Amino acid sequence: MLLPMLLACTGTPVDTGLPAACDTGLDVTWHSFGEGFVRTYCQACHSGSAPDRSGAPAGVDFDTPEQVRAQAARIRARVLDEETMPVGGGVSAEDVVLLDRYLECGL
């Protein structure tokens, strides 16, 4: 990541435009985390091609990073705050931390 190199060279914090919590060097992106997370935990119900949506609302699909971005607040509420998604649970503690980071910094 470029930020640590900038800090090392200048000794002065650099404004990245991201929340301060995002400046830790942990890069959580669609390709490194988000895509795999939604494929594993969400797309069985929340995909345009899901054969049985199990009650998931039509149009609430997570097939692209843009669709996830549009539903980020809802995903945060359901998975992290209320812990009502995915149905049946099963999200590992590590994935909970990474999802929080992804929703905050990776979108």
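On a predicted model such as this, the values are computed, not experimentally measured, just so you know.
- When all heavy atoms of His46 and Arg53 are compared, the closest pair comes out as CA-NH2, 4.3 Å.
- In this structure, Ala56 and Cys45 approach most closely via the heavy-atom pair CB-O, 3.5 Å.
- For the ring-ring contact (aromatic ring centres under 6.0 Å, His included) test, residues two or more places apart in sequence or in another chain that qualify with Tyr41 are Phe37.
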- request: Evaluate the criterion side chain to side chain contact (heavy atoms under 4.5 Å, CB included) for residue pair Thr64 and Trp30; output intermediate values, then yes/no.
  value: CA-CA 9 Å; Thr64 68; Trp30 174 254; 5.6 Å; no

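- Checked by atom type and distance alone, the side chain of Gln43 pairs as donor or acceptor with a backbone atom of Phe62 at under 3.5 Å.
- The local environment of CD in Glu66 is crowded, with over 12 non-hydrogen atoms from other residues, nucleotides or ligands closer than 6.0 Å.
- Although no hydrogens or angles enter the test, the distance criterion places no donor-acceptor pair under 3.5 Å between the side chain of Asp61 and the main chain of Asp63.
- When the side chains of ILVMFWY residues are joined at heavy-atom separations under 4.5 Å, either directly or via intervening members, Val87 and Val96 end up in a single hydrophobic cluster.
- Of the inter-residue distances, the one linking Arg101 atom CZ with Asp27 atom CG reads 8.5 Å to the nearest 0.5 angstrom.
- Side-chain contact between Pro65 and Leu107: absent, with no pair of heavy atoms (C-beta onward) separated by less than 4.5 Å.
- Atom OG1 in Thr29 sits 7.5 Å away from atom OH in Tyr102 (nearest 0.5 Å).
- Evaluation of the salt bridge (charged side-chain N to carboxylate O under 4.0 Å, His left out) rule for Arg69 yields no partner, not counting sequence neighbours.
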Could you pull out all donor-acceptor pairs under 3.5 Å where a side-chain atom in residues 73-85 meets a protein atom, sequence neighbours excluded?
from  : atom 1 : to     : atom 2 : distance (Å)
Arg76 : NH1    : Asp100 : OD1    : 2.5
Arg76 : NH2    : Asp100 : O      : 3.4
Arg76 : NH2    : Asp100 : OD1    : 3.2

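- Side chain of Ser47 to backbone of Ala44: no donor-acceptor contact under 3.5 angstrom is found.
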